[in-house]
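Side chains are part of it too, since the values below use all heavy atoms of this structure and drop only hydrogens, waters and symmetry mates. These numbers were taken from a predicted model, which means no experiment stands behind them.
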Amino acid sequence: MVERDNELKGTTFTISVLHISDGKPERIRQLLAAKVAQAPQFFNCAPLVINVERLADIPDFEQLKELVESEDFVLVGITGTQNEAMKTAAKAAGLAVMASGKSRKAELPPESAPIPAPAIEVKAAPAPLVPSKVHVGPVRSGQQLYAAGTSLVILGSVSPGAEVIADDSIHIYGTLRGRAIAGAKGNTQARIYCQQLQAELLSIAGTFQLSDALPAGLIQQPVHVRLDNEQLRIDHIK
């Protein structure tokens, strides 16, 4: 039997961020409950980070943690604060204090800036192509399709309550009434295409938009969805 040592490795996960402007528990509960009701499978046991940038006072993080977990999320940390007292209170509640990539870069003192390594040209072998997963016919309510490591093509419509997921892009040659989750493992270049938009939820690399936020002028229209500056952009296909 071969024994392996424990290892600490870096990786990337997609985590939803909840921006709050006040620490009132009932307001936060209503917001989370509304989102869960619209897409229960998408948010079930999902990790969550709370952005406290707009908070003037330190909230009760223990209470906040219990509230978030009562709505089936898992609160892992906070972001958006330079307030040391708030950071200390969050850590005391067992929460991580996180910074965005831009924030971390700004905090580095000049003497800590890394020295660029000399450029080395490496010609890698082309990665093997993974054929798109193709589904012919409708995706019915309660059904879930997942295209691991590739794109998903639906030759039909996606019913309400159905879920289509792909690590790359999603192409729907019909009406999208259910949930479409592209870039499921963090691919920010993934896109969503459909012939008629009536989606319950759209998501690319963890950035999502629910039905109540869809542009009214694009409902029932052919659209193309992509990430633009960390926000979903929905354009009409002409």
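Note: T207 OG1 to N229 CG = 11.0 Å, rounded to the nearest 0.5 Å. Atom CD of E200 and atom CD of Q209 lie 14.5 Å apart (nearest 0.5 Å).
The shortest heavy-atom contact between T175 and S157 is N-OG, 2.9 Å. Between R140 and S159, the shortest heavy-atom distance links the atoms CA-OG, 3.9 Å. Closest approach of F61 to A93, counting heavy atoms only: CB-CB, 3.6 Å. Pairing each heavy atom of T150 with each of K133, the nearest pair is CG2-N, 4.0 Å. Shown here for M86 and L55, the closest heavy-atom pair between the two residues is CE-O, 4.3 Å.
With side-chain heavy atoms closer than 4.5 Å counting as contact, directly or through intermediates, the hydrophobic cluster containing V158 also holds V139, L145, L152, I154, V164, I170, I172, L176, I192, L197, L202, I204, L214, L218, I219, V223, V225, L227, L232, I234.
Residue Q231 places its CD atom among 12 or fewer non-hydrogen atoms of other residues, nucleotides or ligands, all under 6.0 Å distant. Residue-environment remark: CD (E69) exceeds the threshold of 12 foreign heavy atoms within 6.0 Å.
Under the 3.5 Å distance criterion, the side-chain polar atoms of S169 are matched with a main-chain donor or acceptor of R191. Here the side chain of T81 pairs a donor or acceptor atom with the backbone of N83 at under 3.5 angstrom. Between the S203 side chain and the I181 main chain, no donor and acceptor come within less than 3.5 Å of each other.
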Begin from the C-alpha positions of V97 and L95 and carry the test side-chain contact (heavy atoms from CB on, under 4.5 Å) through to its verdict.
CA-CA 7 Å; V97 177; L95 300 177; over 6 Å; no

Test side-chain contact (heavy atoms from CB on, under 4.5 Å) on L64 and I50 and set out the steps.
CA-CA 10 Å; L64 197 56; I50 292 183; 3.7 Å; yes

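Every salt bridge (charged side-chain N to carboxylate O under 4.0 Å, His left out) that D235 has, sequence neighbours left out, goes to R226, R233. For A216, there are no side-chain contact (heavy atoms from CB on, under 4.5 Å) partners, not counting sequence neighbours. Under the side-chain hydrogen bond (donor to acceptor under 3.5 Å, both in side chains) criterion, H19 pairs with no residue at all, not counting sequence neighbours. Residues that satisfy the ring pair (Phe, Tyr, Trp, His ring centres under 6.0 Å) test with Y193, not counting sequence neighbours, are H171, H224. Partners of Y146 by side-chain hydrogen bond (donor to acceptor under 3.5 Å, both in side chains), not counting sequence neighbours, listed by chain and number: D167. For S70, the side-chain hydrogen bond (donor to acceptor under 3.5 Å, both in side chains) partners at least two apart in sequence or on another chain are R29. Checked against side-chain contact (heavy atoms from CB on, under 4.5 Å), V74 has the following partners two or more places apart in sequence or in another chain: V76. Taking P222 as the reference, H236, I237 meet the side-chain contact (heavy atoms from CB on, under 4.5 Å) condition, with sequence neighbours excluded. Residues meeting the side-chain contact (heavy atoms from CB on, under 4.5 Å) test with Q220, sequence neighbours left out: Q196, Q198. Under the rule for a side-chain hydrogen bond (donor to acceptor under 3.5 Å, both in side chains), the partners of S151 that lie at least two apart in sequence or sit in another chain are D168.
Among pairs with a residue in residues 47-62, none fulfils side chain to side chain donor-acceptor pair (under 3.5 Å), at least two apart in sequence or across chains.
Between K238 and Q221 the shortest side-chain heavy-atom distance does not fall below 4.5 Å.
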